Amino acid sequence: EVQLVESGGGLVQAGGSLRLPCSASGFNFDDYAIGWFRQAPGKEREGVSCIGRRDVNEKFYYDESVKGRFTVSRDNPKKTVYLQMNSLKPEDTGIYYCAAERNDRECVVVAEAYADWGQGTQVNVSS
């Protein structure tokens, strides 16, 4: 059974940092791209970042809204993907989800491409 567990959320002031781990189990982690999505209250879920698997050189993608502030990385032996979030803004507030997609191409931040999702972790950025 595929399981994804996000953690690391919390309350932080604008300009601060958080690191969100996404821990995976129940599947061959090396075969999957991992995406990060977020959902703010009253808004649609949006793609934040993704990272491909090792045989596509772990190519990554960032939404324009987080480019230069967020960094995605993966530790394959630990089956964990990290989202390092720096220079946080109030508009980064939301529930952050990681998701897994089995593919052999570059990753995409399109929710429909991902079959398996974590439960999410809340991030609140105060002004």
Side-chain angles (χ1 to χ4, degrees):
E1 179 188 1
V2 173
Q3 286 197 323
L4 298 164
V5 179
E6 306 93 338
S7 60
L11 174 63
V12 64
Q13 288 190 329
S17 298
L18 285 172
R19 188 176 79 152
L20 307 183
C22 168
S23 298
S25 62
F27 62 100
N28 187 356
F29 186 71
D30 289 349
D31 287 345
Y32 284 72
I34 302 295
W36 282 97
F37 296 80
R38 66 186 178 190
Q39 188 165 20
K43 293 190 175 180
E44 299 277 326
R45 187 174 297 189
E46 63 176 357
V48 174
S49 179
C50 66
I51 186 165
R53 62 192 213 184
R54 186 163 45 191
D55 60 355
V56 291
N57 297 320
E58 300 181 0
K59 288 185 178 179
F60 47 80
Y61 169 86
Y62 300 102
D63 184 77
E64 284 296 323
S65 64
V66 305
K67 201 172 285 185
R69 300 187 297 122
F70 290 13
T71 303
V72 64
S73 61
R74 63 190 292 161
D75 185 332
N76 293 316
K78 292 185 177 179
K79 296 187 176 183
T80 301
V81 170
Y82 301 96
L83 186 67
Q84 177 68 43
M85 306 188 297
N86 299 329
S87 302
L88 282 162
K89 304 176 181 180
E91 51 263 44
D92 293 319
T93 292
I95 302 174
Y96 281 70
Y97 301 89
C98 64
E101 179 201 16
R102 186 176 185 191
N103 67 41
D104 59 359
R105 52 165 173 72
E106 295 181 16
C107 64
V108 294
V109 283
V110 175
E112 290 75 15
Y114 293 81
D116 299 290
W117 293 77
Q119 293 300 306
T121 186
Q122 179 72 49
V123 170
N124 290 305
V125 184
S126 63
S127 57

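Since the model is a prediction, treat every value here as computed from it, not as a measurement. Every heavy atom of this structure was used, including side-chain atoms; hydrogens, water molecules and symmetry mates were not.
For residues 115-127, the pairs satisfying side-chain hydrogen bond (donor to acceptor under 3.5 Å, both in side chains) are Q122-N124, with sequence neighbours left out. Pairs passing the disulfide (SG to SG under 2.5 Å) check and including a residue from residues 63-94, sequence neighbours excluded, do not occur. Screening residues 12-23 for side-chain hydrogen bond (donor to acceptor under 3.5 Å, both in side chains) gives S17-N86 as the qualifying pairs, with residues at least two apart or on separate chains. Within the structure, the disulfide (SG to SG under 2.5 Å) test picks out the following pairs touching residues 94-127 (sequence neighbours left out): C22-C98, C50-C107. Residue pairs meeting the salt bridge (charged side-chain N to carboxylate O under 4.0 Å, His left out) criterion with at least one member in residues 99-112, sequence neighbours excluded, are D31-R102, K59-E106, E101-R105. Note on residues 74-90: no pairs pass salt bridge (charged side-chain N to carboxylate O under 4.0 Å, His left out), not counting sequence neighbours.
D30 pairs by the salt bridge (charged side-chain N to carboxylate O under 4.0 Å, His left out) definition with R54, not counting sequence neighbours. Under the side-chain contact (heavy atoms from CB on, under 4.5 Å) criterion, Q39 pairs with R45, Y97, not counting sequence neighbours. Among residues two or more places apart in sequence or in another chain, the salt bridge (charged side-chain N to carboxylate O under 4.0 Å, His left out) test is passed with E91 by none. Not counting sequence neighbours, the partners of K67 by the salt bridge (charged side-chain N to carboxylate O under 4.0 Å, His left out) test are E64. Residues meeting the side-chain hydrogen bond (donor to acceptor under 3.5 Å, both in side chains) test with R69, sequence neighbours left out: D92.
E58 and R53 are not joined by a salt bridge, as no carboxylate oxygen comes within less than 4.0 angstrom of a charged side-chain nitrogen.
Between T80 and P21 the shortest heavy-atom distance is CG2-CB, 4.1 Å. Taking every heavy atom of both residues into account, S65 and R38 meet most closely at OG-NH2, 3.4 Å. Taking all atoms of both residues into account, the shortest heavy-atom contact from Y114 to A100 is CD2-C, 3.5 Å.
Under a 4.5 Å side-chain heavy-atom cut-off, the cluster of Ile, Leu, Val, Met, Phe, Trp and Tyr residues that includes V12 is completed by V2, L4, L18, L20, F27, F29, Y32, I34, W36, V48, I51, F60, Y62, V66, F70, V72, V81, L83, M85, L88, Y96, V123, V125.
Under the 4.5 Å side-chain criterion, counting only non-hydrogen atoms from C-beta, Y61 is not in contact with V108.
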